[in-house]
Amino acid sequence: MGILSRKATCNTHGQDSSYFLGWEEYEKNPYDEVKNPDGIIQMGLAENQLSFDLTESWLAKNPEAANFEREGQSIFRELALFQDYHGLPSFKNAMADFMSENRGNRVSFDPKKLVLTAGATSANETLMFCLADPGEAFLLPTPYYPGFDRDLKWRTGVEIVPIQCTSANGFRITKSALEEAYKQAQKLNLKVKGVLITNPSNPLGTTTTRTELNRLLDFVSRKNIHLISDEIYSGTVFTSPGFISVMEVLKEKKFENTDVSKRVHIVYSLSKDLGLPGFRVGVIYSNDDIVVAAATKMSSFGLISSQTQYLLSALLSDKNFTKNYLKENQIRLKNRHDKLVSGLEAVGIECLKSNAGLFCWVDMRHLLRSNTFEAEIELWKNIIYDVKLNISPGSSCHCNEPGWFRVCFANMNEETLKVALNRLKMFVDGPSSTTRSQSEHQRLKTLRKMKVSNWVFRLSFQDREPEER
């Protein structure tokens with residue numbers, strides 16, 4: 001009998017992904033313009049640092065909120081005492097209004113159908129607990145955010161079956177790909193409980209089209225399953241086509257107040273749009289009263305502090321601030337996106353055309369020594385160790401085509417981006433990696449061994465004890 005639980009000792013967290021390994025290498029040698037100019041530049045972190053000055057300016061002009069005061073009186077004690085898991089009504093109202101504003105007020109959100117969670121990670125996991133049992137499956141279009149292998153599967157026991165999308169059509173979701181994924185789940189004896197998408201897409205940086213949303217709603221309607229739309233990047237859309245929420249398409253198809261609408265759920269967060277991942281603010285929105293009730297009870301395991309709710313309710317209720325922030329942030333994101341794209345094009349590297357997000361989906365297939373995932377990981381190691389950039393290889397996002405990489409651009413200043421692009425230029429223009437010294441090859445070999453092809457396509461039940469399957 002083991003002294004620890006199987007959960008503590010299993011290998012289903014996804015920590016062996018190159019996505020997480022890249023972070024480990026960065027943390028050993030982080031770039032600093034002054035203290036460590038030869039360090040690794042973090043381009044694997046989808047964080048928005050471009051508009052902090054706007055938020056800081058608001059805080060300076062609104063000290064009452066930051067100091068936990070109301071009409072000149074301290075409410076510290078009120079906020080410090082116990083709060084139930086339903087959350088502050090003022091914050092839920094402000095969040096519902098902001099979500100609506102973020103979608104051009106084309107749809108509205110009922111605060112009573114919001115569940116507060118400690119970030120989108122908690123929101124997605126909570127929905128898995130509500131919608132599926134261990135050993136049941138959700139379909140996800142590839143490529144997808146590497147953290148989903150942790151968020152959706154690790155503690156819940158839910159499986160992920162990929163919907164295989166390809167570069168041939170810009171990685172769009174097709175009817176045939178949906179059906180093939182469903183059939184694959186059946187072959188694996190997995191009951192499909194739903195589809196989860198990120199819109200805008202992480203890692204593609206593209207918005208889901210109206211055609212795709214209609215296709216998805218028709219699919220989940222026919223199969224009698226759920227659809228989760230993770231819309232945490234909805235406020236980052238910086239150019240046309242604009243963002244279309246699944247709630248808009250539900251309204252257009254007159255699916256409101258139907259069984260289909262009860263099976264459509266939204267995840268949102270302030271981590272990306274407002275650049276506040278450290279505040280741990282996420283929400284679930286559902287039209288199913290049972291899901292809302294269950295998720296609210298589960299939220300007691302990951303609450304948002306009352307202090308955070310109070311501060312952000314004041315910020316989000318300031319309509320002048322939110323309007324100006326969303327507009328200016330999108331301008332800054334477009335400017336930074338364009339700088340990365342043009343810098344890469346200058347060294348012969350193309351990107352998937354994108355209109356949203358904090359990253360680009362970068363095509364480095366021509367830099368591979370062969371069209372294999374092993375060659376992709378070899379190139380990734382070269383970029384980590386030689387170029388000293390941490391970027392995320394496509395295999396970590398379960399892309400089925402070697403040579404694609406996610407490169408983030410909003411978590412650094414412009415000077416750091418210039419340094420990164422200059423390093424990449426020197427790498428592309430420099431000698432082939434085959435001319436490396438023997439010692440450098442040996443150093444690369446010491447990087448933790450990874451069975452890439454197995455990791456990309458494996459399901460978590462392969463790592464479980466027989467009685468857990």
Side-chain angles (χ1 to χ4, degrees), residues 43 45-51 99 101-107 120 140-145 165-174 197-216 229-249 252 266-275 322-345 349-363 391-392 394 397 399 404-412 414 417:
M43 303 186 83
L45 175 61
E47 193 171 71
N48 185 4
Q49 298 183 20
L50 300 186
S51 299
M99 289 173 65
E101 180 184 7
N102 215 353
R103 290 153 181 79
N105 290 308
R106 293 181 296 274
V107 290
L140 270 69
T142 62
Y144 63 77
Y145 166 55
C165 304
T166 71
S167 61
N169 68 346
F171 298 96
R172 293 297 177 184
I173 303 168
T174 64
I197 64 168
T198 56
N199 179 27
S201 168
N202 177 9
L204 298 177
T206 56
T207 47
T208 308
T209 65
R210 193 179 303 275
T211 299
E212 288 174 292
L213 290 169
N214 274 294
R215 183 175 294 136
L216 285 161
S229 182
D230 183 329
E231 300 183 354
I232 66 172
Y233 290 95
S234 55
T236 69
V237 181
F238 48 79
T239 191
S240 60
F243 174 71
I244 304 170
S245 172
V246 68
M247 297 298 289
E248 294 178 50
V249 182
E252 291 167 1
I266 287 179
V267 168
Y268 186 61
S269 163
L270 299 182
S271 296
K272 309 304 180 182
D273 291 351
L274 287 185
T322 56
K323 179 181 178 180
N324 292 333
Y325 181 95
L326 289 171
K327 181 179 179 181
E328 178 62 24
N329 185 57
Q330 289 161 3
I331 291 171
R332 296 182 186 188
L333 285 172
K334 184 178 188 306
N335 179 57
R336 182 59 61 84
H337 164 273
D338 292 350
K339 279 183 167 56
L340 175 62
V341 171
S342 61
L344 292 172
E345 287 177 345
I349 297 174
E350 300 291 328
C351 300
L352 181 74
K353 185 177 181 180
S354 58
N355 64 325
L358 312 176
F359 33 72
C360 288
W361 190 237
V362 180
D363 185 359
I391 62 177
S392 304
C397 303
C399 183
W404 292 89
F405 292 80
R406 190 190 75 167
V407 180
C408 299
F409 55 73
N411 63 318
M412 67 194 75
E414 196 167 318
L417 179 63

Can you tell if the side chain of [X] reaches within under 4.5 Å of the side chain of [Y], non-hydrogen atoms only?
| X | Y | answer |
| --- | --- | --- |
| Ile391 | Met43 | yes |
| Asn48 | Asn411 | no |
| Leu216 | Ile173 | yes |
| Leu358 | Leu333 | yes |
| Cys399 | Phe171 | yes |
| Pro241 | Thr209 | no |

For [X] against [Y], the heavy-atom pair lying closest together:
| X | Y | result |
| --- | --- | --- |
| Gly170 | Leu352 | CA-CD1, 4.0 Å |
| Cys360 | Val341 | SG-CG2, 3.8 Å |
| Lys339 | Glu414 | CE-OE2, 2.8 Å |

Give, for atom OG1 of Thr198 and atom OH of Tyr144, the distance between the pair rounded to the nearest 0.5 Å.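 Rounded to the nearest 0.5 Å, the OG1-OH separation comes out at 11.5 Å.
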
Rounded to the nearest 0.5 Å, how far apart are NZ of Lys334 and OG1 of Thr239?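 If we round to the nearest 0.5 Å, Lys334:NZ and Thr239:OG1 are 5.5 Å apart.
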
Think Arg406 forms a cation-pi with Phe359, using NZ or CZ under 6.0 Å from the six-ring centre and within 45 degrees of its axis?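 Yes; both conditions hold, so Arg406 lies above the ring face of Phe359.
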
Side chains of Tyr268 and Asn102 only: does a donor on one sit below 3.5 Å from an acceptor on the other?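 Checked: Tyr268/Asn102 side chains pair up, N/O donor to acceptor below 3.5 Å.
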
With under 30° as parallel and over 60° as perpendicular, where do the rings of Trp404 and Trp361 fit, or are they tilted in between?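 Geometry flag for Trp361 against Trp404: parallel rings.
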
